[in-house]
There are 2 protein chains.
Amino acid sequence: MARRGSYAKGIAKREEILTAALEVIARNGYRRTSVRELAEAVGLSQAGLLHYFSSKEELFQEVLRKRDEVDHDSYGVDMARPIDGLIAVIRHNADVPGLVQLYAQLSVEAVDPEHPSHDFFVERYESVRREFGEFIREEQRAGAIDPELDPDLTATLFVAASDGLQTQWMLDPSIDMSEHIMQLWRLVARKA
Amino acid sequence: MARRGSYAKGIAKREEILTAALEVIARNGYRRTSVRELAEAVGLSQAGLLHYFSSKEELFQEVLRKRDEVDHDSYGVDMARPIDGLIAVIRHNADVPGLVQLYAQLSVEAVDPEHPSHDFFVERYESVRREFGEFIREEQRAGAIDPELDPDLTATLFVAASDGLQTQWMLDPSIDMSEHIMQLWRLVARKA
DNA sequence: AATGAAAACCGAACGGGATATGGTTTCCGA
DNA sequence: TCGGAAACCATATCCCGTTCGGTTTTCATT
């Protein structure tokens, strides 16, 4: 049998790195977070840290992937409707500015097709739009949303609004992101 | 009298740099645009280029400021309604991906309060929201928009949607940004 | 038209960034 | 217990933005 996979110590260290990365980013901001700092935060050399992640960008991508998993478990499953999950996530995001900043930064950098996280984000957006679009179709069948509305277009709009609100919120934290999304939902939900 | 200000040659060179920066970004993407390349593109050394702009970030900010001026002159003045101006700008943006990328990148980096362009973006968003919010108030007075809608909230939503759509469009250029904004406008505009 | 001060520009160097290389040490299953 | 892979490090490399101390060019003043 070929020996493959990591040792127990390595698996724990990897998790520790992901957690520490978040703390460092939350404290210093994305721009001022270097692999040197990340390495120091977990008691490794730069090369030691890069043993776990082939690049800084891949490390960050893994942080976001893990966040997606946690969010999906917390707000995706037990929530009755995806819109409630979306609002819950957005509310939660206001408590983790480091993650929001990391996400905003990496998603924009990844528009470059050569960026290592390009495919990750392309697929992520596709799946988020697909899921939310499907939800809107359901609401239309249930009569809660105007059937004339294009569900895919509307889903894209929700995702866009969520992303754009984050930028404005980071520049001005007095902006209440969830309130704006609720307003958008009221706009698409049929009245009376 | 103290001699101050630039020579004719310098003023022309400065403009040339701003124009060339756009071309280089459009060709190489923001990530791969270095001051070395920028300098080569206009026949200067790195230090020579930095004589005009104290930093790379300041140069990029000036590119965006110039874009704002041009857009404002082109779509802000002669357009009847700001919403038409917004849609026209968004349509135009699809033809200048380099600018869109530069804007998206810099606006996110500038969320760091230490970033040299932080104040620029804070003020820019404030003024855009104020202008659009005022327009919405006018439409409400004219009876074109539900007076119950919070105009500032709605303005923020339009800005957020515009920004967020750009990210999705850069990742998937088949997305029609203007169509989505028109959809949003239909949602807020009173029907029948 | 000569002058001189500031603008325009350059070569070289600096500090810091991510990452590749070639190791040594530690782990742990066969 | 042993051997191979994982875990980890010191060092080196290359590119980045930026600084410093110049030289050359421009052009208002005289």
Side-chain angles (χ1 to χ4, degrees), chain A residues 1-21 24-25 28-63 102 105-106 109-110 112 114-118, chain B residues 1-21 24-25 28-63 102 105-106 109-110 112 114-118:
Chain A
M1 237 319 155
R3 260 285 271 324
R4 55 210 196 306
S6 312
Y7 300 159
K9 186 185 182 185
I11 293 171
K13 201 73 183 178
R14 206 186 132 99
E15 283 308 299
E16 188 190 343
I17 293 169
L18 292 177
T19 306
V24 174
I25 290 170
N28 299 354
Y30 179 92
R31 282 175 72 231
R32 274 188 292 276
T33 298
S34 60
V35 302
R36 163 163 276 116
E37 264 177 309
L38 257 6
E40 277 169 11
V42 293
L44 285 179
S45 69
Q46 287 181 256
L49 191 145
L50 266 319
H51 164 72
Y52 291 99
F53 305 92
S54 58
S55 74
K56 186 193 182 190
E57 275 140 352
E58 193 195 295
L59 160 57
F60 287 152
Q61 179 187 310
E62 287 310 303
V63 173
L102 173 61
Q105 190 76 41
L106 209 60
E109 280 178 12
D112 181 341
E114 304 296 316
H115 193 285
S117 296
H118 180 75
Chain B
M1 239 314 147
R3 261 283 271 322
R4 55 211 196 305
S6 311
Y7 299 158
K9 187 186 181 185
I11 292 170
K13 201 72 185 180
R14 207 186 131 97
E15 283 308 298
E16 187 190 343
I17 293 169
L18 292 177
T19 307
V24 174
I25 290 171
N28 298 354
Y30 179 91
R31 282 175 73 230
R32 275 188 291 275
T33 298
S34 59
V35 302
R36 163 163 276 116
E37 265 177 308
L38 257 7
E40 276 169 12
V42 293
L44 285 179
S45 69
Q46 293 187 67
L49 191 146
L50 266 316
H51 164 72
Y52 291 99
F53 305 91
S54 56
S55 74
K56 187 194 183 190
E57 275 141 352
E58 193 194 296
L59 160 56
F60 287 152
Q61 179 186 312
E62 286 311 303
V63 173
L102 174 61
Q105 189 77 40
L106 209 60
E109 280 177 12
D112 183 341
E114 304 297 316
H115 193 284
S117 296
H118 180 75

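Being a predicted model, the structure only gives us computed values, none of them experimental. In what follows, chains are A, B, ... by sequence order, proteins preceding strands, each numbered from 1.
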Checklist line | Nearest-nucleotide comparison on DNA chain C, the residue closer to the 5′ end among A:A8 and B:K9 | finding: B:K9
Check: Step by step, would you call A:F53 with A:L18 a side-chain contact (heavy atoms from CB on, under 4.5 Å)?
Finding: CA-CA 10 Å; A:F53 305 92; A:L18 292 177; 3.7 Å; yes
Nearest to the side chain of [X], heavy atoms from C-beta on, is which of [options]?
X     : options               : answer
B:K56 : C:dC10, D:dT18, D:dA6 : D:dT18
B:S6  : C:dC10, C:dA8, D:dA7  : C:dA8
A:L44 : C:dC9, C:dT19, D:dC9  : D:dC9
B:Y7  : D:dA6, D:dT26, D:dA10 : D:dT26
A:S45 : D:dC9, C:dG11, D:dG17 : D:dC9

Notebook entry, point to check: Nearest-Å distance, CD (A:E57) to P (C:dG17)?
Noted result: 16 Å
Next item on the list: Ignoring backbone atoms, test whether B:H51 places a side-chain nitrogen or oxygen under 4.0 Å from the OP1 or OP2 oxygen of C:dA8.
Entry: yes
Notebook entry, point to check: So, is A:R36 close to the C:dG16 phosphate, meaning a side-chain N or O under 4.0 Å from OP1 or OP2?
Noted result: no
Next item on the list: Locate the shortest heavy-atom distance separating A:Q105 from B:E109; write the atom from each residue and the value.
Entry: NE2-CG, 3.4 Å
Notebook entry, point to check: If every non-hydrogen atom of A:S117 is compared with every non-hydrogen atom of A:Q61, which pair is closest and at what distance?
Noted result: OG-OE1, 2.7 Å
Next item on the list: For B:L49, answer base if it contacts any base atom (sugar-phosphate contacts may also be present), sugar-phosphate if it contacts only those atoms, and nothing otherwise; contact means non-hydrogen atoms under 4.0 Å.
Entry: nothing
Notebook entry, point to check: Checking all strands, does B:S34 fall into the base, sugar-phosphate, or nothing category for heavy-atom contacts under 4.0 angstrom?
Noted result: sugar-phosphate
Notebook entry, point to check: On DNA chain D, nearest-nucleotide positions of B:L50 versus A:K13: which is more 5'?
Noted result: A:K13
Check: A:I11 or B:E37: which one's nearest nucleotide on DNA chain D is closer to the 5' end?
Finding: A:I11
Notebook entry, point to check: B:Y30 ring centre to B:K56 NZ or CZ under 6.0 Å, with the angle to the axis within 45°?
Noted result: yes
